Asks: 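Got a structure here, written out as structure tokens. Questions coming.
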Amino acid sequence: MHRRIIAPGALAAASLMLAIPASAASYSPGAPGIGDPYYPAYGNGGYDVSHYDLRLKYQPTTDELSGTATILAKTTQDLSSFDLDFLLDVGEVRVNGAKAAFATSGQHELVVTPKTPLAKGTAITVVVRYSGVPSSKSAYGFNTWHRTPDGAVAADEPEAAWWWYPSNDHPLDKATYDVSVAVPNGTQALSNGTLQSTSSQLGWTRYNWRQNKPQATYLTTLAVGKFDITTSTSEGGVPVINAYSKDLGDNDGAARASVERTGELVDWLSGYFGPYPFSSAGGYVPNTTTGYALETQTRVYYSPKQFANGSNASVVVHELAHQWYGDSVSLKGWKDIWINEGFARYAQWLWSEHEGEGTTQELADYVYASHPADDAFWTVKPGDPGPDDQFDIAVYDRGALAIQALRNAVGDDAFFAILKGWPQEHAYGNASVADFEAYAEKVSGKSLGSLFDAWLFRPSKPAASASAGVALAKSAVVQPKSWKKIAATNDVH
């Protein structure tokens, strides 16, 4: 056996070669957007988040928020740097324990450059220390941080996270969460999932919330204020946590008469969609001036304006339906919004039928007849409406009409199998309209391309046909009793 003698200089050179990966030239910045054509700058490329740990402190009187976000992720490419979506003022960033350089870019990007490049498949821990006044920050000309008389609320779509924690802000990158918030004694902090513990010290109370199932960033909520919190368990065993600002005034009774039915409605929806997918359910009604409701996961946000004309269980049905259609099964891209909104609207139609206030077919007939062929309503394509029309009423009403057309085409047995099977097929994941069409065809055994094209993708009024089963003329239908309650929820998401 011959031993190879290596000179000291050559040994040093060899060591240096070992220290520099052969593929060093392949290290590149992660993309500043995840690739969604509706919102090119939203989300980021190069990594996938598995968990967010947010430890925050918030002072309602001054709107000052400070905190540390610890983000667990894995790289999906060789990274020289990567972006986080964020607006507040950053004091320090660490990647795997080492201080990282950081800078702001564009409207809402925080660019992080780790001390050493990150190879593809590397588990990373990113720690961001930050502070700021969320209400003072804006991007693209807007702010989604809502001040209230006694606190603040983060709840908006398609973005809200930038104002209170750094993230990969797109539904395609879902993660679990621990959200710990310290607020002055006498004030409460609400978030998603279940309350793990509370503790008080030196005039501050800390609330520790946990979401143990994957959650999209826009579905993460934070509410700080003075609330009356109610807890219960549904007949089906789902824990329910609801909260109401103590200054809702005349809307208080109607809000409670609606939201306190959450447990009942979760159980009822489970009959159509399958077992409730999360550890808790509930909603909160803060004293805000916004007009919408939002399906923030397990803890639905409701504006008090939703109850200005009295109680409305229909809006609660809509937002709870999203827990299956939109939250557990999230969209792959924002163009797939029909899967969220069409099915949440159709759940309202099912509730109308349950309440004896108009069948799903009567509602479909009414929607179809209410919009003549030259109505702009038919130019919006629910299957790909475009960013400007993402929340157009056609995505909801024409979207629900498409679902009734599907039901009539495949028959009730296959239809309800699809309705219940879909949330199980893609539980805690992401799916597209094309995925849904393929699933519906698999379950029904029917070719549905022309139906989906007519009702979701063609910018014109579909012809009334036997498969659609809709009425031919406005004179043939009357307004269902439930219509006003359903229409009153048109500002919801």
Side-chain angles (χ1 to χ4, degrees), residues 58 60 144-157 160 164 179 181 183 186-195 207 209 211 218-234 238-266 269 278 280-323 326-327 344 347-348 351 485-486 488-493:
Y58 180 70
T144 69
W145 180 261
H146 308 295
R147 294 297 308 276
T148 63
D150 53 15
V153 170
D156 221 321
E157 185 181 16
W164 64 288
V179 178
V181 190
V183 294
T187 300
Q188 292 111 330
L190 304 169
S191 192
N192 311 80
T194 56
L195 183 63
Y207 294 82
W209 293 89
Q211 175 55 268
Y218 83 96
L219 297 173
T220 311
T221 194
L222 175 65
V224 175
K226 295 181 179 179
F227 295 99
D228 178 25
I229 298 175
T230 67
T231 60
S232 61
T233 302
S234 79
V238 178
V240 179
I241 306 164
N242 295 323
Y244 309 89
S245 282
K246 293 183 177 180
D247 55 356
L248 289 178
D250 291 346
N251 292 326
D252 184 81
R256 292 172 187 265
S258 307
V259 179
E260 285 300 304
R261 298 187 69 178
T262 293
E264 168 200 352
L265 296 174
V266 162
L269 285 165
F278 302 119
S280 71
Y284 69 97
V285 190
N287 187 9
T288 64
T289 58
T290 62
Y292 60 88
L294 181 65
E295 65 271 20
T296 37
Q297 192 163 306
T298 70
R299 195 103 319 107
V300 173
Y301 165 83
Y302 299 98
S303 163
K305 289 185 178 180
Q306 290 292 324
F307 311 109
N309 295 318
S311 65
N312 192 349
S314 188
V315 69
V316 182
V317 168
H318 182 104
E319 301 306 336
L320 292 178
H322 275 309
Q323 305 304 306
D327 293 10
Q348 293 177 270
W351 179 250
K485 289 182 181 178
I486 293 170
T489 69
N490 284 348
D491 288 332
V492 306
H493 292 311

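For clarity, every value in this text was computed on a predicted model and none was experimentally measured. Computation of the quantities below employed the complete heavy-atom set of this structure, encompassing side-chain atoms and omitting hydrogens, waters and symmetry-equivalent molecules.
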Asks: So which atom in A347 and which in V317 form the shortest heavy-atom distance, rounded to 0.1 Å?
Replies: O-CG1, 3.6 Å

Asks: Are the side chains of V316 and Y302 in touch, meaning some heavy atoms are under 4.5 Å apart?
Replies: yes

Asks: Return the minimal non-hydrogen interatomic distance between A313 and S258, and the atom names on each side.
Replies: N-OG, 4.4 Å

Asks: For the atom pair CZ (F278) and CD (Q211), what is the distance rounded to the nearest 0.5 Å?
Replies: 6.0 Å

Asks: Do W209 and N192 have side-chain heavy atoms sitting under 4.5 Å apart?
Replies: no

Asks: What's the spacing between L195 CG and I229 CD1 if we round to 0.5 Å?
Replies: 8.0 Å

Asks: Ignoring hydrogens, what is the shortest heavy-atom contact between A254 and S311? Give both atom names and the distance.
Replies: CB-N, 3.5 Å

Asks: Is there a donor-acceptor pair under 3.5 Å between the side chain of Q297 and the backbone N or O of Q323?
Replies: no

Asks: Is there a donor-acceptor contact under 3.5 Å from the side chain of S280 to the main chain of G193?
Replies: yes

Asks: Does a side-chain heavy-atom distance below 4.5 Å link Y284 with Y301?
Replies: yes

Asks: Counting distance only, does the side-chain N/O of E319 pair as donor-acceptor with the main-chain N or O of V315 below 3.5 Å?
Replies: no

Asks: With W164 as reference, evaluate T221, V181, V179 under the side-chain contact (heavy atoms from CB on, under 4.5 Å) test and give the passing residue.
Replies: V179

Asks: Determine all donor-acceptor pairs shorter than 3.5 Å in which one atom belongs to a side chain in residues 239-252; sequence neighbours excluded.
Replies:
residue: N242; atom: OD1; partner: G283; partner atom: N; Å: 2.8
residue: N242; atom: ND2; partner: V259; partner atom: O; Å: 3.4
residue: N242; atom: ND2; partner: E260; partner atom: OE2; Å: 3.2
residue: Y244; atom: OH; partner: E260; partner atom: OE2; Å: 2.5
residue: S245; atom: OG; partner: N287; partner atom: N; Å: 3.0
residue: D247; atom: OD1; partner: N287; partner atom: ND2; Å: 3.4
residue: D247; atom: OD2; partner: N287; partner atom: ND2; Å: 3.2
residue: D252; atom: OD1; partner: R256; partner atom: NE; Å: 3.2
residue: D252; atom: OD2; partner: R256; partner atom: NE; Å: 2.9

Asks: A155 and T296: which non-hydrogen atoms are nearest, and at how many Å?
Replies: CB-CG2, 4.3 Å

Asks: For the residue pair Y58 / T187, report whether a side-chain donor-acceptor contact shorter than 3.5 Å exists.
Replies: no

Asks: Please examine the side chains of D150 and P60, heavy atoms only from C-beta on, and report whether any two atoms are closer than 4.5 Å.
Replies: no

Asks: Grab the two heavy atoms, one from H493 and one from L294, that are nearest each other, plus how far apart they are.
Replies: CB-CD1, 3.7 Å

Asks: On a heavy-atom basis, which atom in V153 and which in A223 lie closest, and how many Å separate them?
Replies: CG2-CB, 4.2 Å

Asks: Which pairs with one or both residues in residues 294-305 pass salt bridge (charged side-chain N to carboxylate O under 4.0 Å, His left out), sequence neighbours excluded?
Replies: none

Asks: Are Y292 and D156 close enough that some pair of their side-chain heavy atoms sits under 4.5 Å apart?
Replies: yes

Asks: Can you tell me how far NZ of K485 sits from CG of N309, rounded to the nearest 0.5 angstrom?
Replies: 12.0 Å

Asks: Let me confirm one number: the NE2-OG1 distance from H146 to T289, rounded to the nearest 0.5 Å.
Replies: 8.0 Å

Asks: Are any non-hydrogen side-chain atoms of V300 and H322 less than 4.5 angstrom apart?
Replies: no

Asks: Does some side-chain heavy atom of T262 sit less than 4.5 Å from a side-chain heavy atom of L320?
Replies: yes

